[in-house]
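What follows is a set of notes on a single structure, which appears directly below.
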Amino acid sequence: MPGNIIQRSYQQLLDILFPPQCAQCKVSGAILCPRCIASISWFTPPLCHICGLPGAGTTLCARCQHQPLQLSGVRAPGSYQEPLRSCIRALKYQGNRRLSEPLGQLLAQAYHKYAMRADLVIPVPLHQEKLQQRGYNQSQLLAESCARQLQLPLSTTLIHRIHSAPAQVTLTAQQRRKNLQGAFRCTQNHTTQSLLNRRILIIDDVCTTGATLEACAAPLFAAGARAVWGLVLARPLSGVPTSTGKR
Ligand SMILES: [Zn+2]
Ligand SMILES: [Zn+2]
């Protein structure tokens, strides 16, 4: 889109005049410096084939053996710790939208590393009310950046959120799943078999129990999608973080 190109050229000019600062270590010259990017500790295999978390003895972790996620799988570079933790908070709550560029690159890197395959990239939609409060959807910014890196088509209107779930922080995985049932719907022209055989990649910042991604995947599978994968920046491994439970 020409508008985007103009915007990016303008940004490049601003970067020359006022070099950006690393969101993590404050060094001058990059939105997220190479040193901080290199300090991200990636999950080490073997990873569960479904949830993508480490510690799977064979192909599936204990949880997925009993109650697998209701989608093809989820992948993330690493757990919810520094520097990802601060970066996600800065992108989500402190208005540092430009972090979506290096973080989208990180997602694209994970896509290749985990040999994921998709025909279409979509963000987890934000409820209209939340969108108005925050002014932007951080997942959409990440999806835009990631899809551009991967040269995959992006859709921001395939599904929409029809009700906003109450705060999820204190809920168990099962309660979260119940809370989010029917929270997302395909837009009208995608309700029938229009997604037949498509492989869809849903982008979000964080995945805690997987309930949000499962709720997004349900209408996509119903519309004929062959595979629905989730790709997020980080997975909290112990407990539920108080700041990312809200959406
Ligand atoms: Zn840095
Ligand atoms: Zn698993």
Side-chain angles (χ1 to χ4, degrees), residues 11 15 18-107 109-111 113-117 142 145 172-174 176-177 180 201-202 204-218 221 227-240:
Q11 192 58 60
D15 286 351
F18 311 101
Q21 254 191 349
C22 173
Q24 182 69 8
C25 70
K26 311 296 174 212
V27 79
S28 176
I31 304 161
L32 186 60
C33 78
R35 228 176 119 177
C36 286
I37 293 174
S39 74
I40 295 168
S41 56
W42 286 66
F43 286 140
T44 41
L47 305 180
C48 171
H49 284 202
I50 298 178
C51 70
L53 291 176
T58 50
T59 53
L60 299 184
C61 71
R63 187 199 143 170
C64 290
Q65 278 176 29
H66 297 290
Q67 200 179 26
L69 290 171
Q70 300 301 299
L71 73 164
S72 309
V74 179
R75 295 294 182 269
S79 64
Y80 189 69
Q81 57 181 22
E82 297 305 337
L84 286 172
R85 187 176 168 276
S86 301
C87 288
I88 292 167
R89 290 179 61 86
L91 170 70
K92 201 165 171 177
Y93 303 119
Q94 291 153 20
N96 191 346
R97 301 184 193 199
R98 295 189 61 199
L99 267 173
S100 63
E101 202 45 49
L103 296 178
Q105 275 173 26
L106 184 70
L107 289 173
Q109 206 184 328
Y111 178 92
K113 188 181 167 119
Y114 298 129
M116 301 177 90
R117 293 283 172 269
L142 290 169
S145 163
T172 64
Q174 215 168 7
R176 283 176 182 229
R177 191 180 273 179
L180 283 160
L201 184 70
I202 311 174
D204 206 356
D205 51 353
V206 168
C207 167
T208 306
T209 63
T212 304
L213 292 170
E214 289 178 314
C216 288
F221 280 126
V228 181
W229 287 87
L231 178 58
V232 302
L233 289 169
R235 303 282 320 259
L237 290 185
S238 55
V240 176

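Note that ligands are numbered from 1 as they come in the structure, with each ligand's atoms numbered from 1 the same way.
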Item to check | Angular separation of Cys36 SG and Cys22 SG about the Zn ion (ligand 1), given to 10° | outcome: 110°
Next on the checklist: Just to confirm my numbers, could you give the angle made at the Zn ion (ligand 2) by SG of Cys64 and SG of Cys61, rounded to 10°?
Outcome noted: 100°
Next on the checklist: So if I apply the side-chain contact (heavy atoms from CB on, under 4.5 Å) rule between Val74 and each of Leu53, Leu213, Ile50, which one comes out positive?
Outcome noted: Leu213
Item to check | Side-chain donor-acceptor contact under 3.5 Å, Gln81 with Ser41 | outcome: yes
Item to check | Side-chain (Ser100) to main-chain (Arg97) donor-acceptor, under 3.5 angstrom | outcome: yes
Item to check | Salt bridge present between Glu101 and Arg98 (N-O < 4.0 angstrom) | outcome: no
Next on the checklist: Counting backbone and side-chain atoms alike, is an N, O or S atom of His49 positioned under 2.8 Å from the Zn ion (ligand 2)?
Outcome noted: no
